[in-house]
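These notes are about the structure you will find just below.
Every chain is numbered from 1, with letters handed out A, B, ... down the list of sequences.
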Amino acid sequence: GENVEQHPSTLSVQEGDSAVIKCTYSDSASNYFPWYKQELGKGPQLIIDIRSNVGEKKDQRIAVTLNKTAKHFSLHITETQPEDSAVYFCAASNDNFNKFYFGSGTKLNVKP
Amino acid sequence: DVKVTQSSRYLVKRTGEKVFLECVQDMDHENMFWYRQDPGLGLRLIYFSYDVKMKEKGDIPEGYSVSREKKERFSLILESASTNQTSMYLCASSQGGRAQETQYFGPGTRLLVL
């Protein structure tokens, strides 16, 4: 089955700096890559996603890039703010039942 | 907005007890999922369902069963709870069909088995 690896496990940045989280996947059939943000005491919430026919997608301060050849995708957050502090998960999906395979998570701490 | 609710935020049970975790979604979604979340392991799929009365094993189904008698409700059952089932349990739902769709998550149930 699919295997998704996520790095780093923790990331600490100064407010205003950029943050980058990277994921790799193993199954070349994967075609959908969502990113979730989980705040303390809450369930994960989708923040951005990308499909395999697109190389990059941007939504305000958040962007995701996908390299299908290398089988990796990354989340970029610019101008970080303290409210960006949370755990971020990447995922990959490769079949019709919409099963997701999640990375192990990155705890982002934005210092004011 | 999609809403996924879970019956309890916190549960404390004893080893050997039968435990029911309930999940309800209000968007008429076809697919529903149960995950457990443990530090450093991310979210691991226990079971999922793509239709009423249909269920499929995920990656870690041992010790769990599920029930989906109505489209909006998906229950996770621990037949005989054990201490290694202490975890955060997350329910999710998504639309059916062949295209990959976003999964929407509930707030989670933190289960402690003593």
Is there a chain of hydrophobic side chains (I, L, V, M, F, W, Y, each step under 4.5 Å between heavy atoms) that links [X] to [Y]?
X	Y	answer
A:Val20	A:Leu66	no
B:Phe48	B:Phe105	yes
B:Val66	B:Val24	no
B:Ile77	B:Met54	no
B:Phe74	B:Ile46	yes

[atom1]-[atom2] distance between [X] and [Y], expressed to the nearest 0.5 angstrom:
X	Y	atom1	atom2	result
A:Leu46	B:Tyr104	CG	OH	7.0 Å
A:Lys99	B:Asp59	NZ	CG	6.0 Å
A:Tyr101	B:Leu45	OH	CG	7.5 Å
B:Gln103	A:Asp49	CD	CG	12.0 Å

Disulfide bond (SG atoms under 2.5 Å apart): pairs with one or both residues in residues 44-90 of chain A, sequence neighbours excluded: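 Every disulfide bond (SG atoms under 2.5 Å apart) pair that includes a residue of residues 44-90 of chain A, provided the two are not neighbours, is A:Cys23-A:Cys90.
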For [X], look at atom [atom1] and say whether over 12 heavy atoms of other residues, nucleotides or ligands are found less than 6.0 Å away.
X	atom1	answer
A:Lys22	NZ	no
A:Leu40	CG	no
A:Gln14	CD	yes

Contacting region of B:Arg110 [heavy-atom separation from chain A under 4.5 Å]: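 For B:Arg110, neither part sits under 4.5 Å from chain A.
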Pick from A:Gln38, A:Gln6, A:Lys42 with the largest number of heavy-atom pairs that fall under 4.5 Å of chain B: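 Ranked by contacts with chain B, first place is A:Gln38.
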Residues in residues 104-112 of chain A near chain B [non-hydrogen atoms, under 4.5 Å]: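 Those residues of residues 104-112 of chain A which have a heavy atom under 4.5 Å from chain B are A:Ser104.
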Chain B contact residues among residues 78-89 of chain A, heavy-atom distance under 4.5 Å: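 Listed by number: A:Phe89.
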Part of A:Pro34 within contact of chain B (heavy atom distance under 4.5 Å):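 Neither part; nothing is under 4.5 Å.
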Residues in residues 34-44 of chain B that sit under 4.5 Å from chain A, counting heavy atoms only: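 So far as heavy atoms go, B:Tyr35, B:Gln37, B:Gly40, B:Leu41, B:Gly42, B:Leu43 are the residues that approach chain A to under 4.5 Å.
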Heavy-atom side-chain contact between A:Phe100 and B:Thr102 under 4.5 Å: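 A side-chain contact under 4.5 Å is absent here.
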